[in-house]
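These notes are about the structure you will find just below.
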Number of protein chains: 2
Amino acid sequence: MTENQSKKPSKSDRTRAQILEAARLLFAERGYDGASIRDVAAHASIDPAMVIRYFRSKDELFARAAVVDLKLPALRVIDRTDIGKTLIRRFLEIWEDPANGTGMAILLRSATSNEFAAEKLRDVFANQVRPLVAAVADPADAGRRAGLISSQLLGLAMCRYLLRLPPVVALSHDEIIQNVGPTLQRYAVGEDVS
Amino acid sequence: MTENQSKKPSKSDRTRAQILEAARLLFAERGYDGASIRDVAAHASIDPAMVIRYFRSKDELFARAAVVDLKLPALRVIDRTDIGKTLIRRFLEIWEDPANGTGMAILLRSATSNEFAAEKLRDVFANQVRPLVAAVADPADAGRRAGLISSQLLGLAMCRYLLRLPPVVALSHDEIIQNVGPTLQRYAVGEDVS
DNA sequence: GTCTATAATTCGATAGAC
DNA sequence: GTCTATCGAATTATAGAC
């Protein structure tokens, strides 16, 4: 934070990056409790003490690893009549891209048993998903609509990428877009009730 | 298993039931890793050694606690035109009933980081959800349709009961039925693609 | 049937040599 | 900057007294 604001990729930086990469991989695969500092160190081929030296504690390491930027603002200028398909396409891009998909997997894998992860996931909803919905729908309904959209998308992620339910894993991108797109379209801009 | 097939609720049986009830509550709230045998014992007001004596191991205790019977076969004789609303109503009944809701919470809370829980949840899908869908839809499509239905229902459970996303918690039963019902209806018997 | 005492691991984190 | 050695706490599980 003090010295390296421009060029040199010092050895410290590379070691730190290696630790963080190993941590992201293991947290995404096994969750917070299932990935020990010793596991992370072994996967990064360094000593466990180095993990603490660079990140102070396991909690801080997890906090650095659990960073998500869905880059949804780029979707703001879209056609309201196609928002359902646009959302589900972006969802597939995010989850099947190594960087963003890993970030979401880290949060979702631990959110059921780790309050910090749960809070971070609620933050992603409040700061990234809901504002997008508010931009295309009545702001008064945005919370409820964004909640319904999130319920479908988190459930799909659970079944396809974490729980790996065979029939959901087997779905092609086109099948997902054709089936889930209309659901999201209705949740986002369809006529609502009471 | 050997002696008590009829009447007496012996002290053993009562102790065993107390342990199991405490375990179900804590597994549902904190997940497999978060609920220790010591926690369970303390909550049942007995000694930790008793938990092992009655259930042999933590794994076996979890297996006994993670029992789910959704009682979906009772839904088989329903109108195809109303299956969406019927399913979402049954979903709300299950999750907001202390017995069944706790069972599902136990599985879902741990399924992301515990392979046994994940396998049990896949079993519930294969043996309880999918057969119901196969009874009302083309059996050739049953897996895909049941997978889509599960993605919406598990996602709703995650957002409402585990993650507790505020806008989803705030939804009334009627709002959920009105919004999610049509989604499930289309997944169950709507025209499909590719 | 219940509890005390403890074995055997595993974990996160620290101290200090080099 | 990296590693060895280890501490202290928590865990599951066992042995045995009462």
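The sequence lines fix the lettering, A, B, ..., with proteins before strands; numbering per chain opens at 1. Worth knowing before you read on, the calculation uses all heavy atoms, side chains too, and leaves out hydrogens, waters and symmetry mates. All values derive from a computational prediction rather than experimental measurement.
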Write down the distance between [atom1] ([X]) and [atom2] ([N]), rounded to a whole number of angstrom.
X     : N      : atom1 : atom2 : value
A:R14 : D:dG1  : CZ    : P     : 12 Å
A:M50 : C:dG12 : CE    : P     : 17 Å
B:I37 : D:dA13 : CD1   : P     : 5 Å
B:I46 : C:dT4  : CD1   : C1'   : 15 Å
B:F55 : C:dT2  : CZ    : P     : 13 Å
A:L61 : C:dG12 : CG    : P     : 10 Å

> Between C:dG1, D:dT2, D:dA13, which nucleotide gets closest to the side-chain atoms of B:R53?
Replying inline: C:dG1
> If you check the A:I52 side chain, which of D:dA13, D:dT2, C:dT14 turns out closest?
Replying inline: C:dT14
> Same cluster for A:V129 and B:L163 if Ile/Leu/Val/Met/Phe/Trp/Tyr side chains link at under 4.5 Å?
Replying inline: yes
> Given the rule that I, L, V, M, F, W and Y join up when any side-chain heavy atoms are under 4.5 Å apart, are A:F27 and A:L107 in one cluster?
Replying inline: no
Tell me whether the side-chain N/O atoms of [X] come closer than 4.0 Å to OP1 or OP2 in [N].
X     : N      : answer
A:K58 : C:dG12 : yes
A:S12 : D:dG1  : yes
A:T15 : D:dT2  : yes

Using 4.0 Å as the upper bound for N to carboxylate O, is an ion pair formed by [Y] and [X]?
X      : Y      : result
B:R24  : B:E21  : no
A:R145 : A:D138 : no
B:R164 : A:E119 : no

> Is B:R16 positioned over the aromatic face of B:F55, cation under 6.0 angstrom from the ring centre and no more than 45 degrees off axis?
Replying inline: yes
> Are B:K58 and B:Y32 in a cation-pi setup, meaning NZ or CZ lies under 6.0 angstrom from the ring centre and within 45 degrees of the ring axis?
Replying inline: yes
>> If you take any heavy atom closer than 4.0 Å to DNA chain D, which residues from residues 18-35 of chain B end up in contact?
In response: none
> So what does A:Y54 touch, heavy atoms closer than 4.0 Å: a base, only the sugar-phosphate, or nothing?
Replying inline: sugar-phosphate
>> Does either side chain, that of A:Q152 or that of B:T183, offer a donor lying less than 3.5 Å from an acceptor on the other one?
In response: no
> Considering residues at least two apart in sequence or located in another chain, which fulfil the side-chain contact (heavy atoms from CB on, under 4.5 Å) criterion with A:R56?
Replying inline: A:E60
> Base, backbone or nothing for each nucleotide of nucleotides 4-9 of chain D, written B, S, -, heavy atoms under 4.0 angstrom, 5' to 3'?
Replying inline: B-----
